[in-house]
Amino acid sequence: MTLPIYLPLGLGALLFGLGLWGALTRTNAVRILMFIEIMLNGVNLNLITFSRYYWQQNAESAARAPIITLFIMTVAAAEASVGLAIILNVVRNRGSVDVDKINLMKG
Amino acid sequence: MDMFLHSAWVIAALPLTIAALIAMFSRQLKDKAGWLGVAGMFVAFVWSIGVFFAVAAAGGGHEEAAAAAHEAAFFTTPAWHLVWHNWAPFGPYQIDLGLMVDHLTAIMLVVVTLVSFCVQLYSIGYMHGERRFTRFYAAINLFTTGMLGLVLADNLFLLLISWEIMGLCSYLLIGHWYEQEWPKYGSIKAFLTTRVGDVGMMVGIWVIFMVTRTLTWEGLASTIPELVKNPVQASALALGAFLIFTGAVGKSSQFPLHVWLPDAMAGPTPGSALIHAATMVAAGVYLVGRTFMIFGNVAPWVLTVVAFIGGFTALFAASIATLRWDIKEVLAFSTISQLGYMIMALGLGGWAAGNFHLMTHAFFKALLFLAAGSIIHAHHHNQLMHKMGGLRKKIPITFWTWLVGYLALAGFPGFSGFFSKDELLLAAWTWAPAGMNPLVAKLPFIMALLTAFLTAYYMTRATWLAFFGEPRDQHLYDHAHESPWTMTAPLVILAVPALLSGWLWAALPAEWFHSESLLWLEHFFHNPGVREIPTESAVTVTLMATTAGLVGIFSGWLLYAVVKPETRAKWIQAGKPIYTLVRNKYYIDEFYELTVIKFTQVASVAIAWFDGAVVDGAVNGVGVIGNAFADVSGWFDANVIDQLVVMWADISRAIAAQVRRISTGYVQQYMLTFVVVVVASVLLFQVIR
Amino acid sequence: MFSTALTWIVFVPLIVAVLMMFVPKTQEKVLFWLAGIATLIPLAISLPLIAGWNTAAVSTDATMKGMKYAVSVPWIQSIGVGYSVGVDGFGFTMLVLSALLFPLAVLASYGYIKERIKDYLILLLILEFGTNGVFVSLDFMLFYVYWEIVLLPMYFLIGIWGGARREYAAIKFFLYTLIGSVVMLVGAIYLYMVTGAHSFNILELAARTRLLPVNGMTTFAFWAILVGFAVKVPMFPFHTWLPDAHVEAPTPISMLLAGILLKLGSYAMVRISHPLLPQVAAQGAWVLFVLGVVGVLYAAGAAMAQKDFKKQVAYSSVNHMGFFVIALAAASVLANNGQKEMAEVALSGGFFVTISHGLISPLFFFAVGMFYERTHTRDLGKLGGMFLTVPVIAFMTAFIAFANLGLPGLAGFIGEFIALTGSYPAFGLWVLVAGAGLVITAAWHLLTMRNVLLGEAKKEYLGLHDVTWKEKLIFAPLAVLIVVFGVWPAPILNMLTDATKILVTGLLAVGGK
Amino acid sequence: MPPIAYDWTKLVNPNYTFLLPELIVVAFMLLIMVADFYVKEKRWLVGFAFFGVLLAVLADWFAATSEAIKGAIDTGAPLEFFGNMVIADGFTFFLKAVLMVAVALVILLSYDYVEKFLKGMYVEFYEVLLAAMLGMMFMVSSRDLITIYIGLELTSISSYILAGLLRKDPKSNEAALKYFLNGAVASAVLLFGLSLIYGVSGTTYLPEVARQLTMRVAESKEFIPMIVAGVLFMAGGFSFKIAAVPMHLWAPDAYEGAPTPVTAFFSVGPKGAAFGAILRIFLVGMGAAEFSGRWMAIWAVLAAASMFVGNLTALMQTNIKRMMAYSSIAQAGYILVGVVAAGKTGFGTSAVLFYVLAYALTNLGIFAVLTQMDREGGWVSVSDFKGLATRNPWYAWALLVFFISLIGIPPTAGFMGKFFLFRAAVASNYLWLALCMAVNSVISVGYYYGVVKAMFLENADREALPIRFGTMATVVVCFVGVILVGILANGFVGLTTAAALVK
Amino acid sequence: MGQYFMFTILSIVTLVSAYQMVRVRLITHAALFMALAFTAVAGIFLMMQAEFVAAIQILVYAGAITTMVIFAIMLSGLADIKSERAKKGGLWTKSDPFVLVVGAVFAAFMSYLYVAAKLPQAKSDKAMASVEAIGRSLFTTYMIPFEIASILLLIAMVGAIILTAKEAEQE
């Protein structure tokens, strides 16, 4: 690769940052969930980049990052399904997905 | 006689037993308690006489023993000594407690038991019908135990214990009529004032113990002469001696701690006679005499202080006595004055003279007090002299015995007081310490002579007002009656030694009659190491003293028998400022009231406030700080501090109320906080690396 | 033969307390009997121990050197904690005092405590378990465990059965002592770690910690530990919990609080803080002395201004314990400037103060309680003329007041006298300042007696019943002991001499010289 | 490409003795699922679950004492299995046992609650609970970041589900949502950190990570900022899991809203496991001195903040469940002191282990009573405790003991735990942290006091709680445990000390 | 140069999609933009020669998750869930462009770290791991996590059912 490593890493960080900001500012729970997925994508990009640039000593080490990514995706999927289930439940009981309105408990 | 000597402890044990019996069986005994006490004290008196003769037979001053061992030690080997070895350990030091009898003790035993006997007999009549009759007797007997313990003690510790027991009994007796205000006030005043001296004395004992590591007379006498050679130790010992003297000042009611004694008169008169005239107040004198191995060995400034305080007190109190109207108060100030005499004598090195006067004073002052009690009894508890007058016909026995006491106190030649006062003045006249201005060295003598004059004057005044002239209150006069025999008998008994005891050491007559036996007491009192008093000027001194006394008597007679009251009033008007000053006892009481007492009261209130507001607050400080911002004015408000179950809560709640605000319930703020902190700390760690 | 005796003394109350949990709470008589027996057993066990004291073998084992009736078995070996119990003069006198006061407290509770009797008695027994345990522990952790066990029952005893502001007083007591003890724990752990001794045994620990240099950390450790004890003593300025606790506590608990609980602190100073770090103690002695003197004066003054009888008595505890503090400070100064003998004098005197105060103050509180039970007031302005209404109680009160103000011939005097005898060489005439405290103490005692006992009988108090047999029974043993030890303190002082000698020469003197 | 012949067994190095507890748990999960279809009395399923966990505990003990494994532990070179994904050392066995016991207690105390408030959800509840436990077990038994991460996620996702089990209850929904959203962000942050660490070291196997990091740093100091950033992101992720300040904000809401037995589980289970994972990652992966000083400082700050914020905020709470949430935040702060110390001394690790055990017993005891008191589902106020000492004296006294254990007063397990933490802090020169702990113990009295006061000093205004087997059994077990661990600490100290050799 | 070009294009697509996710009102649109972003990232993965990961990315993210989100939105039938109205006066109301700024700042910071670390240029340009190697590792070394992941999915399924099923039962 001739591409400087900083570019993909930077993109990963950018994705993470964007996702973070989105997750923190949007009040729709579903949208927050989506931004979290974006953050995870940033992480994945980081992992693959590092792997691609440095950690290719053998088949074993080369396979490491993809596998980690695979697990992260699995988890993300599971998280998404459970998360959506929770959100749906909230919608059912409260009629809203606005996290600013979900404020029964505080202090 | 040796039988008595070897069981001398009985003398002290007897009144203790009786006191306990009376206390336990007060309901059964009732009036019989008095007779029990009298009987017991009679036995004790007989026992003391036995002891006295045994000691006398063994040879007064024990010259041989003294010469052999402790020539400069102001200590004579006791004739009898009973020691409880290893009574208790003070750390590694085993403290022995013991009782002992030497010549001084022997005399004191006789004096104490005799006076106590008389007082108890007298009280049967005087206190008759009193509802706390048994309490009075229990206290008197306990007191006697204390006094006997004091004179029998062979060490400072036991002496201190006895000393304080007497203080307690004094408190109890002064406050006998505790329903009334004056006794309540007087008792507390007495206890506290003497307590001030006692604390000084205790510190003195600690100093002495630190230096000598012993508390017995024998131990002190054997160690101190060596220790004073070291300047550091010597100065410590001098300090110790001075502090011990403060105890004597308190107990013997010397200036400036004299204020309690007049108020001690609030108690029953027989109690005053025993405690506040004859014995307890003399304990201070006894203490100084007893611990002369300290006073005599340390730097001379201590004894000089002693002498001047004594002399000043003597004059000072006598001057106050001239203007008192309450007959007991006159006697009280007279007692202070006479005690000052004794203290002065000791300070001047007139050891034997001081103790001699102690003895004679005990007799005649007890007599005077009891006689005064008899007057009061006869006069329906009136103590004010300007309501008396002409009583000599109504109460003849009282009058004649009073007269004996009066003349003895006034120093009328031939009476006991005359001889002891002479010895005392002689000691003062011959006092000339090295390096002191001769004029200054004569000051004690001058004060003593003036006192002799004033004494004679105020006693004459009192006698005249009470017994002579016309009755000033006819009603009281009409109802006056002679006391029962239980009261008059003691007067008669006491009148004998008051009249005669001076002849035990009658220096001038002895010279005239070449009778060694008239100097018997002088030999008996011999104490190795004390200053030898030169006798060359004895006649001069006697003349001066006698003149002073007679002038005093004359002027008293002149002023009260001859001069008209109106004229007196004019003269008083002329010397108004001085009159007011003396009449108000030089405002010493007021001075204390304004300074010491007020200070203590204010301080204690301040402390209590401080404790509630500041210390409590400071320890709970954080809370206070938390609230301080909110309400500075309410900072010390007790409510603020007291709200402290609160304690942490008050504080913590203030903080917590802020902290909990982070938990807004908004999930995104949670996340935001989280992320911000993480990122911020990442940043921070880049900075600090 | 006596090897398990101490353990029994400690554990019998606990065992009975557990048994009592299964007794129905309506069986009040049974419960009282059980509690009485449970508290009497330790006393009974201690009697042969007293008799055999002089002949009892002195342990030479390093973990319990100089102790009698000592036993040491491993407990938590992994951190060097052992079940080491044993007593020397200090511990034993305190143990006996505790064993003596608890039966009296149970007796005083009979008929006085009317609700939740079962809980009350169980807590009382647990309290005894804790206090007795403190006095026999030779291992810091064991000590600490007992120390904290004391805390809870006391909290409840005040908090449930106390007066109007009981909750406030109880939690104040609890928090003060808890702060003290957690800080103390940190200090002790620091010492444990820094020595590397791998032992919490106090004697073994002391052998090492005393060699540490005086620096910031050891100074911290010393004061951290000391503050824990100072709160209990209570030493000025950590005393403010005491008046509240006393005022609110029921009479029997006040008796125990003054008689035993405060002694935990003074005992612990003698046993732990000073032996562990004598070098720091000697350096900081003047602070301790100043606090002691200020405490004496201050408490006397504060007592004088109180309107509440019980609060006055409470302040007098602060006052008296000040003498102990002074003596302790003096001892640690003297032990290091070549006056070991005087140090022993000071220390034995100081400890005698704690013992005599342990006899006197419970009775004083009891006296206050007797008045309160009859008149339902403790206001000095309202009481009065008691000598004419209830003469016997008034007499008892006067007796105890004089004992408390330090009248010679009674136990209170001896201790103060000896303590200050020993303290004088260390601090010179400054001791006079403490002496002024004696006068003020005397003053307020007399004034209080004037207010309460003397004067005309008050109408509203006419017809009060005088002392009962129960009250006499409680009063007599302590009063007798006060007189006996006032006249003949040797039994106690002799018990203390060996212990003080060891403490002064072996422990307080820096470097063991 | 021709298939490459390889020896699977050799590559994987399986050991089913070691894996037995996990296998049993999985087996019982499946069993419960299947049995649901056949068993009429659904309550039996609780028995199954409980029995399964007990069996797993036994298996854990069996594995720990089996010859090969124990021998390896004794020689100081514990065996690793399944491609080095799990390690059979004392730390693993001890924490697994503690966590399983904790879950067993949760099962016991939840019995009544599930019947009352989660009607017909036996399977779901216990299934998910066991899954969470399984995740925890892997979290603590692995030296590979991947396994730890997956275990963590298994636990987390199960927890989200558990929090939302009261489907009709808006608070429960809200708890689940908040927990979920926070958790997802936190795990993303954690992963970001992981990616950085991976980037620098090229591996997720912690010993290798340690080796690589040291090499990198030896090559060039310039790597340190990146490593530190990675460490901080990971620490952030984990501090969410243990609810350390400032990542604690979700906890009170989640604890309050979740069904009470679930709260009990939250306060003990995931937290304990997360501490195990933290210790493992930081000690094994970043134990070298260049790193440890840094992360010790991080955790120290978090520890102090957690203690103060947790305790102070707890003072303001009126709902006991919420109060216990803050209390557990503070407790996490205490445990973090041990983590800090662990960077320097083995005392720290053993202290953490001991405290987790003590804390689990204590807290579950409290929650057992809370669970039974929870009548409306989710709200237990101080007034519910009024006069408990007269209504249910045994509960009251037991609660008292639990509270003093949390405060740290002897003779309880909590005291010994605190003592070990103090020791660890002092040994690692973090005296100020020890003092913070001391101060905080006292602050914490403030809010426990409210409950104790209500129980003992106030009069009852309602009826006694009925005695239920589940609650009673839990309380008794916890009570005995708290006292025994406090008094007979020696054996447990031995265990934790042995288990503290984290490799 | 090709790499730069490709990367630039893909990056822009990713970022624009992400920005649109923030901006658009309808959630469904946001979901679609998310799919686009995922796909673009998959492209970058392809550039990195991580074909397997790219494939999974498309399958799981662009496919499964996006579909799931859209389904969930549709199923709920609630207007509110579908769109997000801009709030008045809120702190974040006008912050849409801000997202890029914040993302950029974060990225800049991270890049600073990377640059500061002087990350060495690629040591090897070997091919990325083959699917076979990944598979082999997955079933040997990573067996345990793999199994846990399976249980994780099971529980996710169970959980989703538990949390949503009640309604079905009642209806």
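Order of the sequence lines fixes the chain letters, A, B, ..., with proteins taken first and strands second; residue numbering starts at 1 for each chain.
Taking C:Ile149, C:Ile79, C:Val81 one by one and counting their heavy-atom pairs under 4.5 Å with chain D, the maximum is reached by C:Ile79. With respect to chain C, the highest number of heavy-atom pairs below 4.5 Å among D:Phe456, D:Phe415, D:Phe420 belongs to D:Phe456. The candidate from D:Ala425, D:Pro411, D:Gly494, D:Ala389 with the greatest count of non-hydrogen atom pairs under 4.5 Å with chain C is D:Pro411. Per-residue heavy-atom pair counts under 4.5 Å with chain C were compared for D:Val493, D:Leu488, D:Leu400, D:Ile409, and the maximum is reached by D:Ile409.
Contacts between C:Leu178 and chain D at a heavy-atom distance below 4.5 Å involve backbone atoms as well as side-chain atoms. Residue contact with chain C, scored on non-hydrogen atoms closer than 4.5 Å, is absent for D:Met437.
Summarising the geometry of D:Ala438 relative to C:Val183, their closest heavy-atom pair is CB-N, 4.5 Å, with the distance given to 0.1 Å.
Under the rule for a side chain to side chain contact (heavy atoms under 4.5 Å, CB included), the partners of D:Val98 that lie at least two apart in sequence or sit in another chain are D:Phe94, D:Val356, D:Leu357.
Atoms CD1 and CG, on D:Ile407 and C:Leu151 in that order, are 9.5 Å from each other to the nearest 0.5 Å.
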Produce the donor-acceptor pair table for chain C versus chain D, cut-off under 3.5 Å.
unit_1: C:Trp75; atom_1: NE1; unit_2: D:Ile487; atom_2: O; d: 2.6
unit_1: C:Gln77; atom_1: N; unit_2: D:Asn490; atom_2: OD1; d: 3.0
unit_1: C:Gln77; atom_1: OE1; unit_2: D:Asn490; atom_2: ND2; d: 2.1
unit_1: C:Ser78; atom_1: N; unit_2: D:Asn490; atom_2: OD1; d: 3.2
unit_1: C:Ser78; atom_1: OG; unit_2: D:Asn490; atom_2: OD1; d: 2.9
unit_1: C:Arg116; atom_1: NH1; unit_2: D:Phe456; atom_2: O; d: 2.8
unit_1: C:Arg116; atom_1: NH2; unit_2: D:Phe456; atom_2: O; d: 3.2

Verdict with reasoning, D:Ile487 to C:Val145, per side-chain contact (heavy atoms from CB on, under 4.5 Å): CA-CA 10 Å; D:Ile487 292 177; C:Val145 169; over 6 Å; no

